Q: 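Before I ask anything, let me first share the structure, which is written out below as structure tokens.
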Amino acid sequence: MVDLSVRIKDLVFKNPVLTASGTCGFGEEIADFVDLAMLGGVVMKGTTLKPRQGNDYPRMAETPSGMLNAVGLQNKGVDNFIQNIYPNIKDIDSNFIVNVNGSTIEEYIELTERINELDKIPAIELNISCPNVKEGGMAFGVSCPSAEAVVKAVRRVYDKPLIVKLSPNVTNIAEIAKAVEGQGADSVSLVNTFLGMAVDANSRKPVLSTITGGLSGPAIKPIALRMVWQVYQAVQIPVIGMGGIMNATDAIEFMLAGASAVQVGTAIFIDPTIPTQIVEGIDSYMEKNKMHSMSDLIGGLQM
Amino acid sequence: MKKTVQELLLVENKQLNHDNFKLVLQAPTKLPEIFPGQFVNIEIKKATEIFLRRPFSVLDVDYENNTFSLLVKILGRGSKVLTTYEEGEKISVVYPLGNSFTLPQKQDKVLLIGGGSGVAPMLFLAKICGLPAENVHVILGARSQQDHVNIDAYQAFGNYYFTTEDGSLGEKGFVTHHPVFTNELSTFDRVYTCGPDMMMKAVAKEAAVKGISCEVSLENMMACGFGVCLCCVEKTKEGNQCVCTEGPVFNINKLTW
Ligand SMILES: Cc1cc2nc3c(=O)[nH]c(=O)nc-3n(C[C@H](O)[C@H](O)[C@H](O)COP(=O)(O)O)c2cc1C
Ligand code: FES
């Protein structure tokens with residue numbers, strides 16, 4: 001038997017495959033298709049203190065090997081999460097992680113404090129990289145001082161594993177990773193979507209109501225992989241890799257480049273059973289290559 | 001109804017007119033119940049440049065053979081490539097998705113209005129709504145005679161009326177110009193419509209004026225089809241709602257049209 005488990009601080013993930021925020025709802029939405037307990041973790045839809053309607057339709061454009069989205073963190077707010085969603089997920093045997101968003105540092109702190117009260121939420125992913133909101137979001141994640149300030153503030157009120165989700169829309173992602181590690185982040189996850197744009201030549205209008213949106217899917221995979229490799233070399237904390245992962249081979253590539261775990265996002269839209277297929281695929285790869293634990297794979301790039 | 005991802009067998013691919021095809025897909029297991037208005041999301045692997053699945057509403061179901069059919073109108077690259085699949089090929093489908101039309105009550109007289117790719121759910125609804133044919137009236141609109149599909153298989157379930165923009169078949173003009181709509185609208189208990197937005201909005205407007213219950217089936221662009229991406233939203237009186245899970249069928253009372 002291969003041991004697929006990985007750890008972030010003292011939190012154990014039964015396998016290194018998680019679903020990415022904004023692509024699996026709160027897990028319940030994909031429960032028809034997959035047994036959620038088969039997953040290493042579920043990172044739930046971006047949550048904010050107050051409900052948000054998100055951006056106007058159209059919010060999506062299909063692009064070569066990927067898509068742009070401009071959802072803008074539509075969610076029903078933390079009260080709704082605690083009352084109506086948490087009770088349904090709290091007893092599922094997987095790590096349900098809240099993706100925490102705010103437009104000010106105070107909002108990040110207040111939301112984190114609310115989530116901290118929930119026993120069965122073992123970790124948070126601090127989203128400082130959403131490209132689709134007017135205030136906060138990515139603005140925090142594109143400079144070292146602002147990224148440090150949010151992480152420092154949240155770290156003070158949160159003792160459980162703190163994952164910080166990084167934006168790829170920066171000149172040097174390793175610098176940002178080092179900065180948040182310096183403020184006590186337990187892990188970094190990357191990448192969020194790349195700022196992009198689509199134009200309709202017939203109507204001569206932008207396709208998205210917001211003009212720009214976030215690019216995801218296989219189109220971004222090589223850049224995401226490069227960023228994971230750079231960050232892996234720069235920090236000591238575990239790196240969670242994502243960006244265009246469609247199958248087990250993609251996931252293994254991220255892990256060889258240094259990811260301790262991966263998140264699967266856009267692929268779920270094509271087939272919600274892909275995350276569990278990836279778990280099985282990693283298992284058979286390990287067996288075939290006579291690897292026994294994930295440390296044989298993580299960062300195992302041969303130079 | 002539990003949703004699944006399955007490889008279905010294409011058992012029939014029949015061209016109906018210059019840009020409409022009927023595709024029949026067979027499930028390897030017992031077919032779940034599927035209702036008018038519900039849709040399936042299809043992977044079009046043959047065209048590698050098509051990344052997302054494409055949604056199609058169901059035209060008919062045959063539980064005995066575990067098959068359902070779709071009316072595929074060529075609108076873009078995705079639908080075009082889908083019509084090139086051959087019988088015997090496997091196609092990955094996520095289904096059944098979305099809500100369905102509210103079925104009428106026993107004494108109701110209903111008006112169904114379809115246009116373009118919205119014809120399929122109207123024919124399906126006419127067939128299974130459970131009313132005697134004399135109480136089911138269906139107006140189908142198209143640009144021209146050659147754009148209409150043969151509906152002989154559905155004749156027994158209702159009274160059919162056609163409109164064409166060029167007058168080559170039935171009444172000349174849009175569906176809302178047909179006398180059944182202009183003169184008799186207030187005699188109906190319910191109106192159902194599916195098709196281009198402009199058409200549905202025109203239908204909805206009149207139905208609202210006359211105070212007749214009206215359901216529309218929306219075709220917003222989708223990425224996932226099962227409620228996780230939040231890309232397909234429609235503004236409603238209760239805020240943004242997902243067309244793929246809270247719809248595609250909405251009562252017009254709920255919309256901000
Ligand atoms: C429709 C959509 C919604 C998303 N919403 C969020 C979100 O709420 N919070 C977040 O941190 N990332 C969000 N993301 C980003 C993904 O979690 C992920 O970082 C990105 O899509 C790259 O991975 P992928 O190529 O596997 O999708 C969203 C992505 C998509 C496509
Ligand atoms: S298409 Fe993804 S939520 Fe509706």
Side-chain angles (χ1 to χ4, degrees), chain A residues 19-34 42 44-46 51-76 132 207-209 213-214 216-219 244 246 265-274 276-277, chain B residues 1-7 32 40-45 47-55 76-79 91-98 197 218-247 250 255-257:
Chain A
T19 54
S21 181
T23 63
C24 58
F26 294 93
E28 304 170 289
E29 293 88 338
I30 59 169
D32 269 6
F33 304 101
V34 292
V42 173
M44 295 175 283
K45 175 64 196 166
R52 283 180 61 96
Q53 283 297 318
N55 295 315
D56 283 347
Y57 180 87
R59 299 174 169 186
M60 191 275 289
E62 187 177 29
T63 60
S65 295
M67 59 176 277
L68 288 161
N69 90 81
V71 171
L73 294 176
Q74 177 178 329
N75 79 99
K76 294 186 174 148
N132 296 320
V207 177
L208 301 173
S209 70
S216 63
M246 296 298 289
T266 304
I268 293 172
F269 306 161
I270 312 297
D271 183 344
T273 66
I274 287 177
T276 46
Q277 288 178 36
Chain B
M1 187 51 55
K2 201 173 155 153
K3 303 166 194 137
T4 61
V5 197
Q6 261 182 350
E7 293 276 312
V40 303
N41 213 5
I42 296 193
E43 187 174 21
I44 302 166
K45 255 201 202 120
T48 49
E49 77 279 16
I50 296 174
F51 180 61
L52 298 169
R53 289 173 184 263
R54 294 289 186 268
R77 177 91 183 126
S79 45
I91 300 180
S92 168
V93 185
V94 180
Y95 76 109
L97 300 172
D197 257 20
L218 304 183
E219 298 189 330
N220 292 12
M221 273 204 304
M222 296 182 184
C224 69
F226 49 86
V228 295
C229 75
L230 310 186
C231 288
C232 62
V233 292
E234 177 72 19
K235 256 202 189 96
T236 72
K237 288 176 184 158
E238 293 149 42
N240 283 331
Q241 294 200 340
C242 285
V243 168
C244 70
T245 49
E246 320 248 12
F250 289 89
L255 300 175
T256 57
W257 286 8

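Just so it is clear: chains get the letters A, B, ... in the order the sequence lines come, proteins before strands, and each one is counted from 1. What you are looking at is a predicted structure, and each value in this text was computed from that prediction instead of being measured.
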Q: If we define contacts as heavy-atom pairs under 4.5 Å, which of A/T23, A/D271, A/T273, A/D32 has the most with chain B?
A: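 If we count pairs closer than 4.5 Å to chain B, A/D32 comes out on top.
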Q: Tell me, for B/V94 versus chain A, whether the close heavy atoms (under 4.5 Å) come from the side chain, the backbone, both or neither.
A: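 Answer is side chain: those atoms of B/V94 sit under 4.5 Å from chain A.
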Q: Considering only heavy atoms, which portion of B/N220 lies under 4.5 Å from any heavy atom of chain A: side chain, backbone, both, or neither?
A: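 Both the backbone and the side chain of B/N220 come within 4.5 Å of chain A.
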Q: Is the backbone N or O of B/S79 less than 3.5 Å from a side-chain atom of B/R54, with the two atoms forming a donor-acceptor pair by type?
A: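 No; zero donor-acceptor contacts below 3.5 Å.
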Q: Sort out for me which of A/E62, A/M60, A/M67 touches chain B most, counting heavy-atom pairs under 4.5 Å.
A: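 Looking at each of A/E62, A/M60, A/M67 in turn, A/E62 comes out on top.
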Q: What is the distance from atom CG of B/N41 to atom CZ of A/F269, rounded to the nearest 0.5 Å?
A: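 Going from CG on B/N41 over to CZ on A/F269, the span is 12.0 Å.
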Q: Test your reading of the model: is there a side-chain donor-acceptor pair from B/R77 to the backbone of B/I50, 3.5 Å cut-off?
A: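 No; judged by distance alone, with no hydrogens or angles, the pair does not exist.
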Q: Taking A/P272, A/G66, A/G217 one by one, which has the highest count of heavy-atom pairs under 4.5 Å against chain B?
A: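 Top option by heavy-atom pairs under 4.5 Å: A/G66.
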Q: Picking from A/P64, A/P218, A/P58, A/P51, which has the most non-hydrogen pairs under 4.5 angstrom with chain B?
A: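 Most heavy-atom pairs under 4.5 Å with chain B: A/P218.
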Q: In terms of heavy-atom pairs under 4.5 Å, which option from B/V228, B/T48, B/T245 contacts chain A the most?
A: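 When all of B/V228, B/T48, B/T245 are compared, B/V228 has the most.
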Q: Name the option with the most non-hydrogen atom pairs under 4.5 Å to chain A; the candidates are B/K235, B/E49, B/K2.
A: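 So the answer, after comparing B/K235, B/E49, B/K2, is B/K2.
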Q: Could you look at A/N55 and say if it's the side chain, the backbone, both or neither that has a heavy atom under 4.5 Å from chain B?
A: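 It is the backbone, since no side chain atom gets that close.
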Q: When you measure from the side chain of A/Y57 to the backbone of B/M221, do you find a donor-acceptor pair of N or O atoms at a distance under 3.5 Å?
A: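 At least one qualifying donor-acceptor pair exists.
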Q: What's the spacing between B/E234 CD and B/Q241 CD if we round to 0.5 Å?
A: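 One gets 9.5 Å once the value is rounded to the nearest 0.5 Å.
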Q: Taking A/Q53, A/E29, A/K45 one by one, which has the highest count of heavy-atom pairs under 4.5 Å against chain B?
A: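 Heavy-atom pair counts peak at A/Q53.
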Q: Run the numbers on B/Q6 and B/Y95 for side chain to side chain contact (heavy atoms under 4.5 Å, CB included), then give the verdict.
A: CA-CA 8 Å; B/Q6 261 182 350; B/Y95 76 109; 2.6 Å; yes
Q: Is there a donor-acceptor pair closer than 3.5 Å between any side-chain N or O of A/N132 and the backbone N or O of A/L73?
A: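 Not a single qualifying donor-acceptor pair exists.
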Q: Against chain B, label A/M44 side chain, backbone, both or neither, depending on which of its atoms sit under 4.5 Å from a heavy atom there.
A: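 Neither part, no heavy atoms under 4.5 Å.
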Q: To the nearest 0.5 Å, how far apart are CG in A/L68 and OG in A/S216?
A: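 Answer rounded to 0.5 Å: 8.0 Å.
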